[in-house]
Amino acid sequence: RQEQLKDEQIELIKRTVANGATDNELKLFLYQCERTGLDPLARQIYSIKRAGKMVTQIGIDGARLVAQRTGRYAGQDGPYWCGEDGKWVDVWLSNDAPRAAKVNVYLMGVERGTPGVAHWDEYVQLYQGKPTDIWKRMPALMLAKCAEMLALRKAFPQELSGLYTSEEMAQADNVVDTTFTVAPPTPPATDDVDSN
C-alpha cells in the first residue's frame with residue numbers, strides 16, 4: 001500500500017491524518033496502513049499524539065473490515081448491556097449509563113463466540129471528574145464500541161494486535177488527581193516539668 005500512495009497523498013496524510021508526525025512516526029504509521037490494508041484517507045486508520053507520543057488508532061469500521069477480509073469472520077451478536085443488577089439486555093433504555101457492554105464475535109468453524117466485555121468505569125472519558133459530552137450523550141454506543149473492539153482484537157490478534165479505537169483510548173486522557181496534602185509536622189513534645 002505504501003508503494004501505491006503517491007507523494008502528494010503521503011504529504012496530505014502527514015498534514016491531516018498523521019498531523020505532527022516525525023518522519024519515523026510517519027513511516028511506522030504507513031507500515032500499519034500497509035499491514036492492515038486500511039485507507040488513511042478514508043479515516044479507517046489514523047495517527048494521533050497522546051502524551052507526546054504518536055499512536056496509531058483505527059475506527060471501528062476499519063476493525064470490522066480487517067476482520068471481514070480474513071475470510072474467517074462469521075459475524076457477531078450483541079451488543080448487550082447491563083446495569084448495577086448484572087442482567088444483560090439487548091436494548092439500553094435507562095437514562096443512567098450502562099455499567100458494562102458485551103459483544104460476541106464468531107469465527108468460521110468455531111462454535112463458541114469470542115466475548116469482549118467493557119466496563120464503564122474502565123473506559124468512560126472524564127473531564128473534571130464528569131463524562132465528556134459524547135460519553136454523556138451516547139453512553140451505550142460508546143461502551144458498545146469498546147466491547148466490540150475488545151472482541152474483534154481477541155478473535156483476530158494477528159491482524160489487530162496493538163491497534164485501538166479512539167473510544168478505547170479516550171480514557172487514557174483522563175486526569176487522575178494524585179495530589180495529597182502533607183500535614184504540618186507535629187511539634188516535639190515538651191517537658192512541662194521545671195528543670196530547676
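Model, not experiment: these values are computed from the prediction.
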Subject >> Criterion side-chain contact (heavy atoms from CB on, under 4.5 Å) against Glu168, the qualifying member of Gln57, Glu122, Arg153 >> reply: Arg153

Please table the atom pairs, donor to acceptor, closer than 3.5 Å between any side-chain atom in residues 78-89 and protein atoms at least two apart or in another chain.
unit_1, atom_1, unit_2, atom_2, d
Trp81, NE1, Ala140, O, 3.0
Glu84, OE2, Arg99, NE, 3.1
Asp85, OD1, Lys87, N, 3.0

Original post:
Can you tell me how far the CG atom of Asp77 sits from the CG atom of Asp90, to the nearest 0.5 Å?
Top reply: 10.0 Å

Subject >> Thr70 (side chain) donor-acceptor with Ala67 (main chain) under 3.5 angstrom >> reply: yes

Subject >> Distance-only donor-acceptor check, side chains Asp133 and Tyr127, under 3.5 Å >> reply: no

**OP:** State, to 0.1 Å, how close Ile58 and Ala63 come at their nearest heavy-atom pair, and which atoms those are.
**Re:** CD1-CB, 3.7 Å

Subject >> Taking every non-hydrogen atom, the tightest pair across Phe29 and Ala18 >> reply: CD2-CB, 4.1 Å

**OP:** Check whether Ile48 and Ile134 end up in the same hydrophobic cluster, where Ile, Leu, Val, Met, Phe, Trp and Tyr are linked by side-chain heavy atoms less than 4.5 Å apart.
**Re:** no

Original post:
So with a 6.0 Å cut-off around CZ of Arg137, is the heavy-atom count from everything else above 12?
Top reply: yes

Original post:
Hey, any chance Leu141 and Val117 share a hydrophobic cluster, counting ILVMFWY side chains that come within less than 4.5 Å of each other, even indirectly?
Top reply: no

**OP:** Report the C-alpha distance between Tyr73 and Val66 in whole Å, list the side-chain angles of each, state the deciding distance to 0.1 Å, and finish with yes or no for side chain to side chain contact (heavy atoms under 4.5 Å, CB included).
**Re:** CA-CA 9 Å; Tyr73 180 59; Val66 168; over 6 Å; no

Subject >> CD on Glu167 to CE on Met149, rounded to 0.5 Å >> reply: 10.0 Å

**OP:** Would you name the heavy atoms of Ala97 and Pro139 that are closest together and state the gap between them?
**Re:** CB-CB, 3.8 Å

**OP:** Find the distance between NZ (Lys14) and CG (Leu30) and round it off to the nearest 0.5 Å.
**Re:** 10.0 Å

Original post:
Taking a hydrophobic cluster as the set of Ile, Leu, Val, Met, Phe, Trp and Tyr residues connected by side-chain heavy atoms closer than 4.5 Å, whether directly or through intermediates, do Leu26 and Val17 fall within one such cluster?
Top reply: yes

Original post:
When clusters are formed by joining ILVMFWY residues with side-chain heavy atoms under 4.5 Å apart, either directly or through shared neighbours, do Trp92 and Leu150 land in the same one?
Top reply: no

**OP:** Check whether any side-chain heavy atom of Leu38 lies under 4.5 Å from a side-chain heavy atom of Cys33, and answer yes or no.
**Re:** no

Original post:
Phe156 and Leu107: which non-hydrogen atoms are nearest, and at how many Å?
Top reply: CZ-CD2, 3.2 Å

Original post:
Could you go step by step and tell me if Gln32 and Arg35 meet the side chain to side chain contact (heavy atoms under 4.5 Å, CB included) rule?
Top reply: CA-CA 5 Å; Gln32 291 285 35; Arg35 180 176 83 88; 2.8 Å; yes

Original post:
Can you tell me if CD on Glu8 sees more than 12 non-hydrogen neighbours from other groups inside 6.0 Å?
Top reply: yes

Original post:
Passes side chain to side chain contact (heavy atoms under 4.5 Å, CB included), Ile60 versus Glu148? Steps please.
Top reply: CA-CA 8 Å; Ile60 193 67; Glu148 182 179 359; 3.7 Å; yes

Original post:
Hey, any chance Leu126 and Met142 share a hydrophobic cluster, counting ILVMFWY side chains that come within less than 4.5 Å of each other, even indirectly?
Top reply: yes

Subject >> Among Arg64, Lys154, Arg72, the one residue meeting salt bridge (charged side-chain N to carboxylate O under 4.0 Å, His left out) with Glu159 >> reply: Arg72

Subject >> Spatial distance of atom NZ (Lys27) from atom OG1 (Thr22) [nearest 0.5 Å] >> reply: 9.5 Å

**OP:** Would you check if the side chain of Gln44 reaches a backbone N or O of Asp39 as a donor-acceptor pair within less than 3.5 Å?
**Re:** yes

**OP:** For Tyr123 and Cys146, work out which heavy atoms get closest and say how close.
**Re:** CD2-SG, 3.7 Å

**OP:** Please determine if Arg43 and Asp61 form a salt bridge, counting it only when a charged side-chain N lies under 4.0 Å from a carboxylate O.
**Re:** no

Subject >> Thr56 side, atom OG1; Glu25 side, atom CD - distance, nearest 0.5 Å >> reply: 9.0 Å

Original post:
So, for Trp135 and Pro131, which heavy atoms are closest and what is the spacing to 0.1 Å?
Top reply: CB-CB, 4.2 Å

**OP:** First locate atom CD1 of Ile10, then atom CG of Leu41, and finally report the distance between them rounded to the nearest 0.5 Å.
**Re:** 10.0 Å

